[in-house]
Amino acid sequence: MTVRTRFAPSPTGFLHIGGVRTALFNYLFARRNGGEFILRIEDTDRARSTEESIDAIMDGLQWLGLDHDGEPIYQSKRFDIYKEHAEKLIEKGLAYRCWCTPDELQERREAALKAGRAPRYDKRCKAITDGPDKPYAVRFKVPEGKTTFNDLIKGSISIEHEEIEDLVILRSDGTTTYNLCVVVDDATQGITHIIRGDDHINNTPKQILLYRALGYPVPEFAHLPMILGSDKSRLSKRHGATSVTAYRDMGYLPEAVINYLARLGWSCGDQEIFSIAELVEKFTLESVGKSAGVFNPEKLIWLNHHYIKEANIEELKPLFLKHLKELGIDATADERVSTIMQTGQEKAQTMVMMATDALFYFTDTVTYDEKAKKKFLTPEKLTPITMLTERLEALEAFTLEAVEQAFNSVLDECELKLGKLAQPVRVALTGTKISPGIFETITAMGKERTIKRLNNAIATMKETTEKENI
RNA sequence: GUCCCCAUCGUCUAGUCUGGCCAAGGACACCGCCCUUUCACGGCGGCGACCGGGGUUCAAAUCCCCGUGGGGACGCCA
């Protein structure tokens, strides 16, 4: 039998980190086993489902490369099928009508909870054969006994049926509820392995009962542990960005996000770095851990940094340009971009940082950090900097080697250590004490701007000297 | 309140099924040193955990029981 898994989000908000991991594990399991991975939009809650959420889900999955097989399936288009199944259960005598109103039920639940009893439906309508001429819901008759299933991640799980209430399968407005819809979908869509968050463990026995009542084979279940925030509570907005697309905006690479999420709950010996191909090759449900994991932004950063360092500059270029644009710089036509990116590549933890750190290359003027200026743009540096400027200006090919040679010749003649000249030049070019290697920075800056900035620094130094003399 | 699930460094985890190779390994973070033209990168080193208590056994992180702690579920939401 071909393996078939699904990711079944409800489009009631953005695609969050937890959802992405569920999607990833479904994807990996399907691909690993040469099966299919389908996307099902569970939009039966018409009040809360939105078009934007659907777009956000698709957008996020596409960004991460978690491509699904076939067209997405919308539950909202399958109401008739669900209803047929509900009617079948009524016909078979496996369900009954219930005239209790949601308000009444809510009241009873609260009362039960207050009294320390289980807030469970008391089956009072089960015996009623012909009730009032009012709208009614339909409940599934949960039989006596207990259900045990073997979860592929958690192992054997069993629940006594007394713990399960007779759940509503058909609302009084004629629509079917979640548990019936999923079962009907998973059964009719040939889903063989249901991989989802472990917050669904409690739904599983109900669903197994429905599969049996409907005469469908029961699929395999694998419940993934939850992802927790740093305070060990369920991951939410309080813990910072939880929408995947927010990570894209912050300059994270999809490879990093995938790698991080895969290793949150799954492992393969001591290995930390995995390409998606490698994950597909090595993924098994057996090596998924059972306990919940805390989302650790630092490790994600580390991975992102790793993937930026490994990346091919040209492939990163559009992203870099995009983030630069966000910062107000359009460098599309600037031929220095690749070289500039190289200078920032090993330091940048995110693409946003790479863009931010490169900002100084593109500005028209340099604003000096006062401390840096005072410490490094000092009178005694006037001579070497002037010499350097002249020599750089004389260069025909402004290559790294040529720049380095010119720089070193000045050092030799002035009997200066590299650092003594590098820092003032750095301040002249960037305005700050921090930048990539000085030769790389000069080369990437380009001849024209380098000369301009050096001259500017010379002028500033002269100004300062004059002031001091007065 | 009831039920379900879980429990190794601060965090992600290896080891648990098949007890001895574990005076518990790796990674992130943190600290120190080295490299060095600044910030980083990198290299080396350090700090740091088997939740508690019983039991089984020659031997327990590993098996069993009881606590405790954390998470989840108890909707005419999904």
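Quick caveat: nothing in here was measured; it's all calculated off a predicted structure. Throughout, a chain's letter reflects where its sequence line sits, starting with A, and its residues are numbered from 1.
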Engineer: Decide if atom OH of A:Y136 counts as having more than 12 heavy atoms of other residues, nucleotides or ligands within a radius under 6.0 Å.
Structural biologist: no
Engineer: If the P atom of B:C41 is compared with that of B:A27, how far apart are they to the nearest Å?
Structural biologist: 16 Å
Engineer: Identify each atom pair where a protein N or O and an N or O of nucleotides 7-9 of chain B are less than 3.5 Å apart, giving names and distance.
Structural biologist:
none

Engineer: Mind calculating the distance between CZ (A:F295) and P (B:A29) to the nearest angstrom?
Structural biologist: 15 Å
Engineer: What is the per-nucleotide protein-contact pattern of nucleotides 33-51 of chain B, from the 5' end, where B denotes a base atom under 4.0 Å from a protein heavy atom, S denotes such proximity for sugar-phosphate atoms only, and - denotes neither?
Structural biologist: ----BBBBSS---------
Engineer: Assign B:C41 to syn or anti; the rule is syn for a glycosidic angle within 90° of 0 and anti otherwise.
Structural biologist: syn
Engineer: May I have the distance from A:I159 (atom CD1) to B:C4 (atom P), rounded to whole angstrom?
Structural biologist: 7 Å
Engineer: Once you round it to whole Å, what is the distance between P of B:G26 and NE2 of A:H306?
Structural biologist: 19 Å
Engineer: Closest heavy-atom contact between A:L392 and A:K447?
Structural biologist: O-CE, 3.6 Å
Engineer: When rounded to the nearest 0.5 angstrom, what distance separates CE in A:M351 from CD1 in A:I308?
Structural biologist: 5.5 Å
Engineer: Could you tell me the separation between the NZ atom of A:K154 and the P atom of B:C6, rounded to a whole number of Å?
Structural biologist: 6 Å
Engineer: Would you mind listing every ring pair (Phe, Tyr, Trp, His ring centres under 6.0 Å) that reaches into residues 418-445 of chain A, with sequence neighbours excluded?
Structural biologist: A:F407-A:F439
Engineer: Mind checking the C1' distance from B:G52 to B:C4? Whole angstroms is fine.
Structural biologist: 23 Å
Engineer: Ring centres under 6.0 Å, that's the criterion: do A:H68 and A:F7 meet it?
Structural biologist: no
Engineer: Could you give the distance separating B:G26 and B:G45 at their C1' atoms, to the nearest angstrom?
Structural biologist: 16 Å
Engineer: Just by modelled atom types, is the A:W266 backbone N or O under 3.5 Å from a matching donor or acceptor in the A:R263 side chain?
Structural biologist: yes
Engineer: Can you check the distance between B:C63 and B:U16, where both ends of the measurement are the C1' atom (answer in whole Å)?
Structural biologist: 10 Å
Engineer: When the side chains of residues 112-122 of chain A are checked against the rest of the protein, which donor-acceptor pairs come out under 3.5 Å, sequence neighbours left out?
Structural biologist:
residue, atom, partner, partner atom, Å
A:R120, NE, A:E163, O, 3.3
A:R120, NH1, A:E162, O, 2.9
A:R120, NH2, A:E163, OE1, 3.0
A:Y121, OH, A:C125, N, 3.2
A:D122, OD1, A:R124, N, 3.2
A:D122, OD1, A:R124, NE, 3.3
A:D122, OD2, A:R124, NE, 3.0
A:D122, OD2, A:R124, NH2, 2.9

Engineer: Atom CD of A:E160 to atom P of B:C4: distance rounded to whole Å?
Structural biologist: 8 Å
Engineer: Treating primed atoms plus P, OP1 and OP2 as sugar-phosphate and everything else as base, which nucleotides of nucleotides 14-21 of chain B get B, S or - for protein heavy atoms under 4.0 Å?
Structural biologist: S-------
Engineer: How close or far is atom P of B:C5 from atom CZ of A:R196, stated in whole angstroms?
Structural biologist: 15 Å
Engineer: One pair to check against ring pair (Phe, Tyr, Trp, His ring centres under 6.0 Å): A:F37 and A:F29. What are the steps and the verdict?
Structural biologist: CA-CA 9 Å; A:F37 167 63; A:F29 185 75; over 10 Å; no
Engineer: For A:D133, does the CG atom sit with more than 12 other heavy atoms under 6.0 Å from it, leaving out its own atoms?
Structural biologist: no
Engineer: Would you measure the distance from the P atom in B:G1 across to the matching atom in B:C12 and give it in whole Å?
Structural biologist: 27 Å
Engineer: Please state how far atom CG in A:D151 lies from atom C1' in B:C6, giving the value in whole angstrom units.
Structural biologist: 13 Å
Engineer: Evaluate the criterion ring pair (Phe, Tyr, Trp, His ring centres under 6.0 Å) for residue pair A:Y252 and A:Y307; output intermediate values, then yes/no.
Structural biologist: CA-CA 9 Å; A:Y252 286 81; A:Y307 282 104; over 10 Å; no
Engineer: So, the side chain of A:H305 versus the backbone of A:E346: is there a donor-acceptor pair under 3.5 Å, distance only?
Structural biologist: yes
Engineer: Is the closest basic N to carboxylate O distance between A:D369 and A:K433 below 4.0 Å?
Structural biologist: no
Engineer: Which residue lies toward the 5' end of RNA chain B, A:I153 or A:Y260, if each is placed at its nearest nucleotide?
Structural biologist: A:I153
Engineer: For nucleotides B:G70 and B:C77, find the distance between their P atoms and express it as a whole number of Å.
Structural biologist: 32 Å
Engineer: How is A:E272 classified with respect to the nucleic acid when contacts are heavy atoms under 4.0 Å: base, sugar-phosphate, or nothing?
Structural biologist: base
Engineer: Please check if the side chain of A:R453 supplies one atom and the backbone of A:V366 the other of a donor-acceptor pair under 3.5 Å.
Structural biologist: no
Engineer: Base, sugar-phosphate or nothing for A:S158? Non-hydrogen atoms, less than 4.0 Å.
Structural biologist: sugar-phosphate
Engineer: In whole angstrom, give me the gap between the P atoms of B:A23 and B:C6.
Structural biologist: 28 Å
Engineer: Taking atom C1' in both B:U11 and B:A49, compute the distance separating them and give it to the nearest angstrom.
Structural biologist: 12 Å
Engineer: For B:G45, which nucleotide in any strand shown is its Watson-Crick or wobble partner with both distances under 3.5 Å?
Structural biologist: B:C31
Engineer: Indicate yes or no for a side-chain donor-acceptor contact from A:N304 to the backbone of A:L300 under 3.5 Å, with no hydrogens or angles considered.
Structural biologist: no
Engineer: Classify every nucleotide of nucleotides 65-78 of chain B by which part a protein heavy atom approaches to under 4.0 Å, writing B for the base, S for the sugar-phosphate alone and - for neither, in 5'-to-3' order.
Structural biologist: ------SBSBSBBB
Engineer: My understanding is that a pair needs two contacts under 3.5 Å, Watson-Crick or G-U wobble. By that rule, which nucleotide pairs with B:A40?
Structural biologist: none
Engineer: Looking at every strand, decide which applies to A:G197 at a 4.0 Å heavy-atom threshold: base, sugar-phosphate, or nothing.
Structural biologist: nothing
Engineer: Counting distance only, does the side-chain N/O of A:R32 pair as donor-acceptor with the main-chain N or O of A:E281 below 3.5 Å?
Structural biologist: yes
